[in-house]
Amino acid sequence: MPVYIDPPLWPAHGTHFSHLVSDTSYAELHAFAERLGVPRRAFDRDHYDVPESRYAEAVAAGAHPVDGRRLTRVLVRSGLRVPARARPDRLARVLLRRWTARFPDHPGLGRELLDRWSEPHRHYHGPSHLLAVLEALDLLGSGRAPDPARSGTLVLAAWFHDAVYRARPGADERESAELARARLGAAGFPAPVVAEVERLVLLTLGHRAGDEDLLGDLLLDADLSVLGADPAGYAAYVAGVRQEYAHVPDPEFARARLRVLEDLRDRRPLFRTAEARQRWDAAARRNLEQEIARLRGVAGPPPGDPPAGAAVLTITAVCLQDDDGALLTVRKRGTERFMLVGGKLDPGETPAAAAVREAAEEVGLRLDPDLLRPLGQFVAPAANEAGTWVRCTVYTARLPGRPVPLAEIAELRWLPLDGEHPSALPPDLAPLLRDHVIPALRRAPRDPRTRSGRAASGGAGSR
């Protein structure tokens, strides 16, 4: 794809400069500038400044000459343009003014938060996103405004909601909530405010709020407002997210992002407030469908039958959930992946009988075979045996007491599922659990017979 250059009309440093841009990617732009011999220091966020003496050379090398107005249109359509108000120096001033107007007694905390949001590894979850969320709250508040005290709490939640960001879904949200509790408490904010900010930040983990939760509705809708951006804005958002996960191969990234986007697309409603639905819902659904269609081509077909000649183990497993809906997972000695309670069938053993036996041997639980409920049979790569696949019959069952690690089990871990965003799953789950069992559990109606009450002290509800 071509790069574009406008005439050298911009005076600076005793000469005039052109702007060199790409309509495809920064990588293409950097590669062209390197071939031309233009140093990287001439790159200014979304374009290179090319001195007048190099203009003809750039055109001869393949840059398309256009006037300044068309060059701006090309950059806007590409989604690569960085608006002037989003440039770091100006954006920092805008955000600090907003903080000072709201919280004049805490200037140091505002600067600390802005420094966190300005970390160099952030490409989407940076100051521009923070400002966009704050501005979205302004828009939504005009139709459904909380009282001033609660409005201040909501603004604090916006400042803290991605204050910790390392592209670690789940961990980032929890650590941001912990930071809010620590910093706001140390700064002397009232305890109810601190607790409410922490709660609101944690809502962004699963992006689900309860009924009659005005502040939660407003924060989550503001955070998702980018989904309803115009095509250029949405393209910039997608590019920024991909840069933050540049270490993840394209097919793997596409599959993980598809799970997130399909979950959002299938929500009814996607936005919880009437104001947000009116402003962003139609555009958001178009954007989601278009990105989903593109990602499906990158992700390729999901794993199906094992490759020809692959070893296949026939196993069974059982899903055990506590009173809060968290799923019991186990890690075997000498391995790193967490999986369900279960294992291989003995000769002549049925999958249900094997599930009962494995639960007793691995975690000391006595399951009633009559209360096993089939969830499905799934095929996936084995977690701990390279080149091997598993064909697993999975059941759900009532949790009869407190599990303990026995035999080859090194560790138990409860995995929260209620309200969890697909991208927030830990990275150390077995493929069968991550790609098949958890989606099936989320689709299935909750069966109260599969969960114990809280009668057993220290049992099902503890983790």
Ring-face cation contact, Y165 with R122, 6.0 Å cut, 45° max: no
message: Does the structure place the NZ or CZ of R413 under 6.0 Å from the centre of the six-membered ring of F338, at an angle of no more than 45° from the ring's axis?
response: yes
Identify the two heavy atoms, one from [X] and one from [Y], that lie closest to each other, and give their separation to 0.1 Å.
X	Y	value
V194	G185	CG2-N, 3.9 Å
E28	S25	N-OG, 3.0 Å
V133	A222	O-CB, 3.7 Å
L29	F43	CD2-CE1, 3.8 Å
P8	Y55	CD-CD1, 3.8 Å
P127	L91	CB-CD2, 3.2 Å

Does some side-chain heavy atom of [Y] sit less than 4.5 Å from a side-chain heavy atom of [X]?
X	Y	result
Y395	T316	yes
I292	E262	yes
L134	W159	yes
R174	L205	yes
F17	V50	no
L75	D46	yes
F189	R183	no
L258	R296	yes

Worked verdict on Y48 versus H19 for ring-ring contact (aromatic ring centres under 6.0 Å, His included): CA-CA 6 Å; Y48 276 87; H19 298 139; over 10 Å; no
message: If you count every heavy atom of other residues, nucleotides or ligands that lies below 6.0 Å from Q278 atom CD, does the total exceed 12?
response: no
How about [X] and [Y]: does a side-chain donor come under 3.5 Å of a side-chain acceptor?
X	Y	result
T153	E196	no
D221	T273	yes
Y234	E291	yes
H129	H161	yes
R102	S151	yes

Counting distance only, does the side-chain N/O of [X] pair as donor-acceptor with the main-chain N or O of [Y] below 3.5 Å?
X	Y	answer
H436	V379	yes
D6	L71	no
N287	A283	yes
D44	H47	no
S128	Y124	no
R242	Y245	yes
T204	H207	no
D324	A326	no
R257	L261	no
D23	S78	no

- prompt: Partners of E385 by salt bridge (Lys or Arg N to Asp or Glu O under 4.0 Å), sequence neighbours excluded?
  reply: none
query: Does any pair with a residue in residues 64-79 pass salt bridge (Lys or Arg N to Asp or Glu O under 4.0 Å), and if so which ones, sequence neighbours excluded?
result: none
- prompt: Taking only residues at least two apart or on different chains, which pairs with a member in residues 153-164 satisfy salt bridge (Lys or Arg N to Asp or Glu O under 4.0 Å)?
  reply: none
Nearest 0.5 Å please: distance from the [atom1] atom of [X] over to the [atom2] atom of [Y].
X	Y	atom1	atom2	result
E411	T329	CD	OG1	8.0 Å
L202	E178	CG	CD	8.5 Å
L200	L156	CG	CG	10.0 Å
H106	L184	NE2	CG	8.5 Å
D322	W414	CG	CH2	5.0 Å

message: If the condition is side-chain hydrogen bond (donor to acceptor under 3.5 Å, both in side chains), which residues does R337 pass it with, not counting sequence neighbours?
response: none
Test side chain to side chain contact (heavy atoms under 4.5 Å, CB included) applied to R150 and V155, V193, L218, L214, the passing residue: L214
- prompt: With sequence neighbours left out, what residues match R93 under side chain to side chain contact (heavy atoms under 4.5 Å, CB included)?
  reply: D89, R90, R97
For V437, side chain to side chain contact (heavy atoms under 4.5 Å, CB included) partners two or more places apart: C319, L340, L375, F378, V394, L432, L433, L441
Could you tell me whether [X] and [Y] have a side-chain N and a carboxylate O separated by less than 4.0 Å?
X	Y	answer
D138	R98	yes
E34	R40	no
R41	D49	no
R116	E112	yes

- line: Per salt bridge (Lys or Arg N to Asp or Glu O under 4.0 Å), D263 is matched among R208, R442, R268 by R208
- request: Apply the salt bridge (Lys or Arg N to Asp or Glu O under 4.0 Å) test between R166 and each candidate in E119, E244, E173; give the one that qualifies.
  value: E119
field: Stepwise side chain to side chain contact (heavy atoms under 4.5 Å, CB included) test for L288 and L270
entry: CA-CA 11 Å; L288 289 171; L270 172 58; 4.1 Å; yes
message: Working note: D435 + L429, criterion side chain to side chain contact (heavy atoms under 4.5 Å, CB included); need CA distance, chi angles, decisive distance, verdict.
response: CA-CA 9 Å; D435 297 334; L429 299 182; over 6 Å; no
task: Take L328 and L412, measure what side chain to side chain contact (heavy atoms under 4.5 Å, CB included) needs, and give me the verdict at the end.
output: CA-CA 7 Å; L328 177 63; L412 307 181; 4.2 Å; yes
- prompt: Parallel, tilted or perpendicular for W99 and F103, by the 30°/60° rule?
  reply: tilted
Worked verdict on V312 versus T388 for side chain to side chain contact (heavy atoms under 4.5 Å, CB included): CA-CA 6 Å; V312 180; T388 302; over 6 Å; no
